[in-house]
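Keep in mind the model is a prediction, meaning the values are calculated, not measured.
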Amino acid sequence: MTIKEFEAVTELKGIGKETAEHLAEMGIFTVQDLIWTFPFRHEDQRLKDLAETPHNEKVTVEARVESVPSVLYLGKNKTRIQVTVLAGRHLVKVVFFNQAYLRTKLTPGSIITVSGKWDRGRQVINGTSIHFGPKTDNTDFEPVYSLRGSLRQNRFRKYMRQALDVAGENLAETLPLYLIQKYKLPSLLEALEGVHFPKDAEHAKQARRRFVYEELLHFQLRIQALRKARKSDEQGTIIQYDLKKLKKFISTIPFELTNAQKRVVNDICKDLKEPHRMNRLLQGDVGSGKTIVAAIGLYAAVTAGFQGALMAPTEILAEQHAESLKSWFDPIGVRVALLSGSTKSKERKVILEQLHNGEIDILIGTHALIQPDVVFSNLGFVITDEQHRFGVEQRRILRDKGINPDVLFMTATPIPRTLAITAFGEMDVSIIDELPAGRKQIETHWLKKEQLNSAISKMAIELSQGRQAYVICPLIEESDKLDVQNAVEVYEQLATIFHGRYKVGLMHGRLHPDEKEQVMRAYSEGEIHVLVSTTVVEVGVNVPNASYMLIYDADRFGLAQLHQLRGRVGRGQHQSYCVLLADPKSDEGKERMMSMTQTNDGFRLAEKDLELRGPGDFFGKKQSGLPEFKMADLVHDYRTLEVARQDAEKIIYDKNFWENEEYRSLREMLEESGVLSGERMD
C-alpha cells in the first residue's frame, strides 16, 4: 500500500479518532507531520559491563535472577521490589517501583534483560524497563518521543515505522545534490531512518548531522533573503569620504590601532560607500577601543559633508564620549557639541541653531537627541552606544532625523558569535576581539565569605595609595528569601570602617536618575572614594582611578554580568583587582567563579555562560527572539551554523537559486516562511 505524505494520519492502520486527537495535540495531522516529528533523545540499549559504567549512567545488562524478590508496600498502590541478580561477574541488586506484578515473574535462575540507572556506590540498578529472557532484538538505540495523552512509546514507534514504509519512497529530497555530496550527508530517507530507527550510533550521528545542517541552512536562508530584500528596498546615502584626510587623521591618533580595530574601520568605511544603508552591530569587549573606531567613522562622514550623531544612554557616558572626541577633533577644526538634559536652555538654543545651519559637525548626547526640535542640516551617520538600553522606537526617531543615514550600533556586552549570527542575523556584525597594547590584565581572585576581612584590608591598601574602589551587591535592601548581602547594609558597614579616612557613597536603581548622576559624578571626580552599588554601574562609566572591585555574592550573577562589572576597573595605568566573594553551592556556580579567575576575555566568558545557562537564559527567554530548532543546538553546533550562514549567503545571491529545479524545495520553504512576500519571519 502506498500513501502520500500529505494524506491524513488516520489513513495509517491503528490510528482511530482518539489517537488522532492526541496526535493533533502534538501538531500531527498528516503522514508528513508524523515523519517530521523527531525524538528528543535516543535510549542506548547496548549491553554494557558494569565495571566500565560510570556512576549514575543509564545501563542495560543481561542477568540471572539469584534471589526471591522482596516486596515493600509504601502506601496505596505503591510498591518497591528488590531482587539480587548476577550480571556478568557482578552480583548486584535491581529495584523497581510500582510494578508489583514482577514478584511472580522474577524466579531464581531465570534470565532477564534490565535497563536502568546504575548507582555505583550502592551497587544497585534502579530499573526503568525489563525484558524476560536474553536480549533478542537488534535495536541498540531506541528513539524517545515527547508524547501526549495515552500515547505510548512502543505504539508511536509502530505508527512511525508504518509511515516511513508506506510514504518514505515518495518523499522528495529537500537539499540540493551538490550540498549532499559536498558534506557527505545521508539522503533524506537514510537520514529519517537514522533518526527514527538507527542501526547503530554512527547511523544516528550522521542523520543528526544532516538535519542540523538543513535546519540551520533554512534559518540562514530566511535571514539572508530578508537582508537581500532590505538592501534592495532601503536605499542608503552614499558617503564618498576623503581617504587622504581620513588617513591623515588616523596618523594623528596618539596610539597604534590594533589589527581588530583596523579590520572594523575597514568594514565601516566600506559600508559608508555602499548605496544601501549600513545596519551594523559593533561588539567590543570592555576597553577594546570602540570609541576611536566610532570617531573615525564619524570623521569619514564629516569629510563628505555630512553630520554625525552619537547617542549614549547616560549623561556621564555622553560627556565622556564628547570629551574624547573633542580632544581628537578640536585640533583639526571638526565642530563637536554635547546635548543632554543638563544643557542650559540658552546654550541649548545656540546648539540647535548651529546644528540646523550645519555649523556643528558631530552631535553627542543622550535621549535629548531625539526631541522634536533637534533638527540636523544633513545627518549621514548615526551611532547608538549600548544600543540595548534604547527602545526600537527611540533608535528609529534618531535615524529618521536624516535621509536614510547609515546606522552603527555599539555594545560592550560580548555576545557569543553563534548568538550574534542568530539574534542579529539581519545585521552585519563586526567584532573587536583584541585589547590595545600595554593594558594591564585585571587580577581576579575568588574568596570565601569568611575571608571578607582580607578583601577589605586589600581595598584599604589601594585607597591609601590614592585609588578608588567599587563594592557591588546583588540586592538593595534585606530580603527574607535570599541570604545575600544588601547594598544598604554594606554601605553602613563600610562607612563605619572607613569613617574619618575615606568617603563611602551609595548608588542603586531606586534612586532618582538625577541622584544617580550626582553620585556617579562625585565618584568620577574623586569626591567619593568607595562606591557601594547594585549593578547600575555596569555600563560605560570610565573612572581611570578606580583600581579595586569587590563583588558580594558573586555567584548570584551570570558570567557576562560579572565580566561587565569587572570592566569598571582596569581603565587607568595602575594594576587593578577584582575580588569575587562567594560560597556557591552548585557545580555551575563554582565553575563560573573559576572561569572568572582564569580569563579576562569577555567573548570566551560569554561562550562559557552560553554553555552553562543556554541561549534562552543568556538573552532572557521572552525577548531572546531565538528560533526553536528540532535538532540543532546553538551552543554545540556553532561550526555548522557558520558553514550554513556562508552557504546561505552564496545561494541567495546566486541567480540559479531563483530558477533551477534543484533549489525548488528551498524556494518553497522561503515562500512558506513569508520572507519572499515581504513578510517578517517568525
Donor-acceptor contact present, side-chain S67 to main-chain P69, <3.5 Å: no
L641 side chain reached by D637 side chain, heavy atoms, under 4.5 Å: no
Straight-line distance of L192 CG to L171 CG, nearest 0.5 Å: 6.5 Å
Sub-4.5 Å side-chain heavy-atom contact between P39 and V195: yes
With L221, the side-chain contact (heavy atoms from CB on, under 4.5 Å) member among D647, I652, L216: I652
Ion pair check, E66 and R64, cut-off under 4.0 Å: yes
Test item: side-chain donor near acceptor, R80 and Q82, under 3.5 Å: yes
Polar contact flag, side-chain donor to acceptor under 3.5 angstrom, R263-N266: no
Flag, side chain of R157 to backbone of P143, donor-acceptor distance under 3.5 Å: yes
Atom of E57, atom of K48 and distance for their closest heavy-atom approach: OE1-NZ, 4.0 Å
Donor-acceptor pair, side chain of N660 and main chain of Y663, under 3.5 angstrom: no
Heavy-atom pair with the smallest gap, counting every atom of A260 and I431: CB-O, 4.5 Å
S110 backbone acceptor or donor facing T107 side chain under 3.5 Å: no
Taking every non-hydrogen atom, the tightest pair across A648 and L217: N-CD1, 4.0 Å
Sub-4.5 Å side-chain heavy-atom contact between K184 and R209: yes
Set of salt bridge (Lys or Arg N to Asp or Glu O under 4.0 Å) partners for E649, sequence neighbours left out: R645
Worked check of salt bridge (charged side-chain N to carboxylate O under 4.0 Å, His left out) between R41 and E142: CA-CA 8 Å; R41 66 182 169 88; E142 280 199 333; over 6 Å; no
Chi angles and distances behind the salt bridge (charged side-chain N to carboxylate O under 4.0 Å, His left out) call for E659, K655: CA-CA 7 Å; E659 299 162 7; K655 68 178 191 310; over 6 Å; no
Minimum-distance pair of heavy atoms, taken over all atoms of E662 and L177: OE2-N, 3.2 Å
Which residues share a salt bridge (Lys or Arg N to Asp or Glu O under 4.0 Å) with D555, sequence neighbours left out: none
Non-hydrogen atoms of V85 and V65 that approach each other most closely: CG1-CA, 4.2 Å
Non-hydrogen side-chain atoms of D267 and L282 separated by less than 4.5 Å: no
E215 side chain to A632 backbone, donor-acceptor under 3.5 Å: yes
Side-chain (T128) to main-chain (S115) donor-acceptor, under 3.5 angstrom: yes
Side chain proximity check, N56 to W118, heavy atoms < 4.5 angstrom: no
T30 and D33 side chains, donor-acceptor separation under 3.5 Å: yes
Residues which pass side chain to side chain contact (heavy atoms under 4.5 Å, CB included) with A51, listed by chain and number, not counting sequence neighbours: D49, R89, H90
Selection residues 105-117 - residue pairs positive for salt bridge (Lys or Arg N to Asp or Glu O under 4.0 Å), sequence neighbours left out: none
By ring-ring contact (aromatic ring centres under 6.0 Å, His included) - contacts of Y145 (at least two apart): F156, H196
Non-hydrogen side-chain atoms of Y101 and I81 separated by less than 4.5 Å: no
ring-ring contact (aromatic ring centres under 6.0 Å, His included) involving F211 - partner list, sequence neighbours excluded: W36, F38
With S665 via side chain to side chain contact (heavy atoms under 4.5 Å, CB included) - residues at least two apart: T174
Pairing residues for E668 by the salt bridge (Lys or Arg N to Asp or Glu O under 4.0 Å) criterion, not counting sequence neighbours: R664
Those residues that, when tested against E173, pass salt bridge (Lys or Arg N to Asp or Glu O under 4.0 Å) (two or more places apart): R210
Smallest separation among heavy atoms of G133 and T113, with atom names: O-OG1, 2.9 Å
Side chain to side chain contact (heavy atoms under 4.5 Å, CB included) partners for K78, two or more places apart: L74, N98
R277 side chain vs V407 backbone, donor-acceptor pair below 3.5 Å: no
Side-chain (E62) to main-chain (I112) donor-acceptor, under 3.5 angstrom: no
E190 side chain vs S187 backbone, donor-acceptor pair below 3.5 Å: yes
Validation row: M669, R222 side chains within 4.5 angstrom (heavy atoms): yes
Any donor-acceptor pair under 3.5 Å from Q123 side chain to L91 backbone: no
pair T60-R46: side-chain heavy atoms closer than 4.5 Å: no
R155: side-chain hydrogen bond (donor to acceptor under 3.5 Å, both in side chains) partners, not counting sequence neighbours: none
Under the ring-ring contact (aromatic ring centres under 6.0 Å, His included) test, residues paired with Y183 that sit two or more places apart: Y213
Over-ring placement of R161 relative to F197, 6.0 Å and 45° cut-offs: yes
